[in-house]
Amino acid sequence: MSNARELAQIPSTPSGRRNLIINGAMNVAQRGTSASGKTSSGYYATDRWGITIDNMGTWTVSQETDAPDGSGLTNSTKFLCTSADASPASGDASICFTRFEGQDLQFLEKGTSAAKSVTVSFWVKSSTTGTYVLELYDNDNARHINKSYTINSSATWEKKEITFAGDTNSGDTFGNDANLSLIANWWLGAGSLYQSGTLATSWQEYATADRVVGQVNVAGANNNYFQITGVQLEVGTVATEFEHRSFGEELALCQRYYYQWLSATSADAHALHIIGMFQSTRGFWGLSTPVAMRASPSITKIGTVTLRTPSLSSNGTVNSFSVYTHGKDSNRLSIDTAVTGGTANVYRNITFSNLTGGYKLEAEL
């Protein structure tokens with residue numbers, strides 16, 4: 001009997017890592033904990049969680065120290081509407097999303113007769129009750145599947161579990177590469193263009209009108225919000241307990257897509273001792289990232305950055321950075337630096353302004 005009880009406790013999903021979602025506990029926020037006045041799409045606060053804004057409201061995106069009691073979770077991501085769109089035009093839309101590389105999805109066997117079902121579970125809280133839609137969108141083959149769920153009580157944490165059948169349509173497989181293959185879309189609102197058909201509750205070719213039939217409008221009034229945490233996407237038709245990871249492991253997963261460094265003190269030169277020839281307007285230096293990034297990233301200067309000689313007298317102001325080379329599957333980059341006010345020198349330090357100077361590297365999907 002004891003063996004039977006032990007076997008009954010073994011989950012139906014594979015052992016090891018079950019959750020395909022990165023930062024589902026919303027613990028990592030490299031960009032900062034809050035970004036306000038947003039009217040365009042992007043990643044703003046919590047890593048790996050973005051917002052699509054197509055002419056539908058102004059939003060504040062924030063990491064909150066608010067989570068459902070008894071869940072073991074401590075943070076959540078909040079999308080707060082600060083400028084409403086109560087009467088959206090046909091093509092208006094707002095969406096919370098996270099994205100996946102194709103090479104991480106091969107075991108789902110999409111596009112074959114053995115395609116696996118997946119279950120998405122999450123905690124959600126909103127000021128706006130009613131019908132919402134969660135969509136899985138296949139970016140490689142322009143296919144989608146959409147399921148509705150209901151938020152029953154305002155400003156109350158509720159747990160949702162949604163199962164999506166596998167896509168057995170022959171040949172519609174995910175690319176086995178580091179490019180975007182799948183998007184999970186939690187819709188916040190949509191105009192009639194996206195709601196005039198029949199909800200696509202099984203996998204089908206993309207049809208705009210079938211995406212979010214019946215979706216409520218979180219952007220309908222100022223201070224409406226949508227909050228989410230504890231997100232898990234796993235193989236099978238049963239939601240298992242949320243898979244908690246260490247902060248360090250989750251941070252490393254996020255740094256594949258985004259890495260930011262800011263100076264800590266006024267004397268902090270980031271130990272960037274550069275050996276090589278700098279011209280008066282241009283130079284090159286090497287940079288290593290904590291993990292290999294998904295693809296060659298963009299690099300953006302943050303705050304005031306200067307080049308200095310070994311004697312630490314200021315020699316030039318850095319206008320911009322760009323990635324010159326990026327080794328495949330490598331965390332080593334060569335950075336092209338545009339400078340004004342400098343002179344040729346064979347040895348330089350790069351110095352960043354106190355607490356505000358640094359750089360950010362982005363390789364988002």
Side-chain angles (χ1 to χ4, degrees), residues 28-45 47-48 50-51 53 61 178-180 251 254-365:
V28 181
Q30 295 183 84
R31 293 173 174 85
T33 58
S34 184
S36 60
K38 299 306 177 183
T39 58
S40 59
S41 304
Y43 295 92
Y44 294 114
D47 280 56
R48 306 300 304 126
I51 184 171
I53 308 171
V61 184
N179 298 323
L180 172 62
L251 175 62
C254 293
Q255 287 174 334
R256 176 170 172 78
Y257 303 92
Y258 181 88
Y259 172 62
Q260 178 173 290
W261 185 90
L262 292 175
S263 58
T265 69
S266 58
D268 193 347
H270 194 23
L272 290 180
H273 303 297
I274 301 162
I275 300 174
M277 179 62 70
F278 272 76
Q279 301 173 351
S280 59
T281 60
R282 187 180 181 190
F284 296 91
W285 54 282
L287 173 65
S288 294
T289 57
V291 300
M293 302 195 75
R294 180 191 65 85
S296 180
S298 63
I299 182 170
T300 304
K301 176 179 72 73
I302 302 173
T304 302
V305 183
T306 57
L307 288 178
R308 293 177 182 270
T309 63
S311 64
L312 299 184
S313 59
S314 180
N315 257 64
T317 300
V318 174
N319 294 326
S320 64
F321 295 138
S322 60
V323 174
Y324 183 69
T325 59
H326 171 260
K328 180 175 174 59
D329 299 326
S330 172
N331 65 337
R332 296 182 300 276
L333 296 86
S334 175
I335 305 301
D336 189 349
T337 308
V339 185
T340 57
T343 58
N345 204 300
V346 296
Y347 187 94
R348 298 286 178 96
N349 289 343
I350 287 185
T351 301
F352 302 95
S353 57
N354 182 28
L355 299 180
T356 60
Y359 55 82
K360 59 182 179 180
L361 294 161
E362 297 183 82
E364 296 283 6
L365 289 164

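Each residue takes its place number in the sequence, starting with 1.
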What are the two closest heavy atoms between [X] and [Y], and how far apart are they?
X    : Y    : answer
R31  : A45  : CB-O, 4.1 Å
L287 : I335 : CB-CG1, 4.0 Å
M293 : Y258 : CE-N, 3.9 Å
R256 : A178 : NH2-CB, 4.1 Å
L365 : N179 : CD2-C, 3.8 Å
L333 : P297 : CD2-CG, 3.4 Å

**Item:** Side-chain donor/acceptor of S41 to backbone N/O of I53, under 3.5 Å
**Value:**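 Between the backbone of I53 and the side chain of S41 there is a qualifying donor-acceptor contact (under 3.5 Å).
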**Message:** For the backbone of Q30 and the side chain of Q260, can you confirm whether one donor and one acceptor N or O come within less than 3.5 Å of each other?
**Reply:**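 Yes; judged by distance alone, with no hydrogens or angles, the pair exists.
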**Asked** side-chain contact (heavy atoms from CB on, under 4.5 Å) between Y257 and D47: does it pass, once the steps are laid out?
**Response** CA-CA 9 Å; Y257 303 92; D47 280 56; over 6 Å; no
**Asked** Any ion pair linking E364 and R48 (charged N to carboxylate O, less than 4.0 Å)?
**Response**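 Salt bridge flag = yes for E364 with R48.
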**Aromatic plane relationship, Y359 with W261 - under 30° parallel, 30 to 60° tilted, over 60° perpendicular** =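 Taking Y359 first and then W261, their aromatic rings lie parallel (interplane angle under 30°).
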**Request:** Applying side-chain contact (heavy atoms from CB on, under 4.5 Å), name anything that partners T300, two or more places apart in sequence or on another chain.
**Result:**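 T300 satisfies side-chain contact (heavy atoms from CB on, under 4.5 Å) with K360 only.
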**Request:** Might you work through the side-chain contact (heavy atoms from CB on, under 4.5 Å) test for V318 and K301, ending with a clear yes or no?
**Result:** CA-CA 8 Å; V318 174; K301 176 179 72 73; 4.0 Å; yes
**Asked** Rounded to the nearest 0.5 Å, what separation is found between the CD1 atom of I299 and the CG atom of D336?
**Response**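 I299 CD1 to D336 CG: 10.5 Å, rounded to 0.5 Å.
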